[in-house]
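Heads up: numbering here begins at 1 and tracks the sequence.
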Amino acid sequence: MVHSAGVLVRERGVHGVGLREIVAHAGGPRGSLQRYFPGGKTQLVTEALDIAASDLAARTDPKLIAAKTLSAAIDAVIAPWRQLLLDSDFTLGCPIAATVVDASDNDQLREKARTLLAQWQNPVRDALIRFGTPRSRADDHASVLLAAIEGALILARAEHSIRPLDAVQRFFTTSFTPTAGQSRARRKA
């Protein structure tokens with residue numbers, strides 16, 4: 001049921017899917033909701049977000065750590081989203097973004113989304129620092145990159161094309177690459 005909740009939230013948002021639809025999608029008995037999810041839809045969505053974030057980290061973090069270039073690091077962040085779009089025929093997006101948009105009145109889900117977004121941002125920030133972004137600007141740069149990815153996911157779904165993600169990847173690969181003068185200045189410092 002948690003997996004089904006994650007898929008349906010990615011497709012339709014939190015308010016776009018009901019508990020009955022989640023149970024039907026999972027092929028489980030409706031009574032199991034009360035037994036396993038006494039916190040109702042909020043608990044179910046929270047657990048689905050945890051699984052989605054864990055899956056994203058498992059797909060991204062090792063590649064970020066192993067990246068030998070900034071381009072490879074940015075690809076590590078974007079590649080799982082590109083694959084998700086292609087595998088789902090552009091029907092699935094980010095469940096965290098869907099939750100933020102849909103459940104702004106639910107403090108528990110908003111806090112969960114905030115925490116998971118920070119967990120996504122931290123390794124991106126660390127990779128940017130490793131490839132030359134000054135520590136003083138790394139959080140801002142990571143925030144802008146993740147915001148661009150979220151926007152690109154929306155555009156990609158609307159356009160039924162990975163072009164927006166490719167554009168974000170090209171932009172940030174070239175924007176975050178230090179110029180020769182910046183590299184010399186860093187070596188002197």
Assess the residue pair F37 and V2 against the criterion (side-chain contact (heavy atoms from CB on, under 4.5 Å)); give the C-alpha distance rounded to whole Å, side-chain angles, the decisive distance to 0.1 Å, and a yes or no.
CA-CA 10 Å; F37 304 101; V2 173; 3.5 Å; yes
Atom CG of D75 and atom NZ of K63: how far apart are they, to the nearest 0.5 Å?
7.5 Å
Heavy atoms of L70 and T173 approach each other most closely as CD2-O, 4.0 Å
Any pair counted as salt bridge (charged side-chain N to carboxylate O under 4.0 Å, His left out), so long as it reaches residues 86-97, sequence neighbours left out:
none
Option from V144, V77, I74 for which side-chain contact (heavy atoms from CB on, under 4.5 Å) with I149 holds
V77
Atom pair CG (L86) and CH2 (W81), whose distance is rounded to the nearest 0.5 Å:
13.5 Å
Are the side chain of R10 and the backbone of C94 linked by a donor-acceptor contact shorter than 3.5 Å?
no
The residue among D107, T42, T46, D50 that forms side chain to side chain donor-acceptor pair (under 3.5 Å) with K112 is D50
Roughly how far apart are I96 CD1 and L117 CG, rounded to 0.5 Å?
5.0 Å
State yes or no: do V101 and F90 share one hydrophobic cluster built from I, L, V, M, F, W and Y residues joined by side-chain heavy-atom distances below 4.5 Å, directly or via other members?
no
Taking F171's backbone N and O only, do any of them form a donor-acceptor pair with T174's side chain (distance below 3.5 Å, no angle check)?
yes
With no hydrogens and no angle check, just 3.5 Å: does a side-chain donor-acceptor pair link Q169 and R82?
yes
In short, A98 meets V9 closest at the heavy-atom pair CB-O, 3.6 Å
Donor-acceptor under 3.5 Å (D55 side chain, I51 main chain)
no
Taking a hydrophobic cluster as the set of Ile, Leu, Val, Met, Phe, Trp and Tyr residues connected by side-chain heavy atoms closer than 4.5 Å, whether directly or through intermediates, do F131 and I65 fall within one such cluster?
no
Nearest 0.5 Å, please: how far is CE in M1 from CG in L19?
9.5 Å
State which residues pass side chain to side chain donor-acceptor pair (under 3.5 Å) with E11; sequence neighbours excluded, sorted by chain then number.
none
Calculate, to the nearest 0.5 Å, the distance between atoms CG and CG belonging to L33 and L44 respectively.
6.5 Å
Test item: R157 side-chain N/O and T91 main-chain N/O as donor-acceptor pair under 3.5 Å:
yes
So how far is it from L116 CG to L56 CG, rounded to the nearest 0.5 Å?
10.0 Å
Answer yes or no: is there a donor N or O on one side and an acceptor on the other, between the side chain of R130 and the main chain of L64, under 3.5 Å?
yes
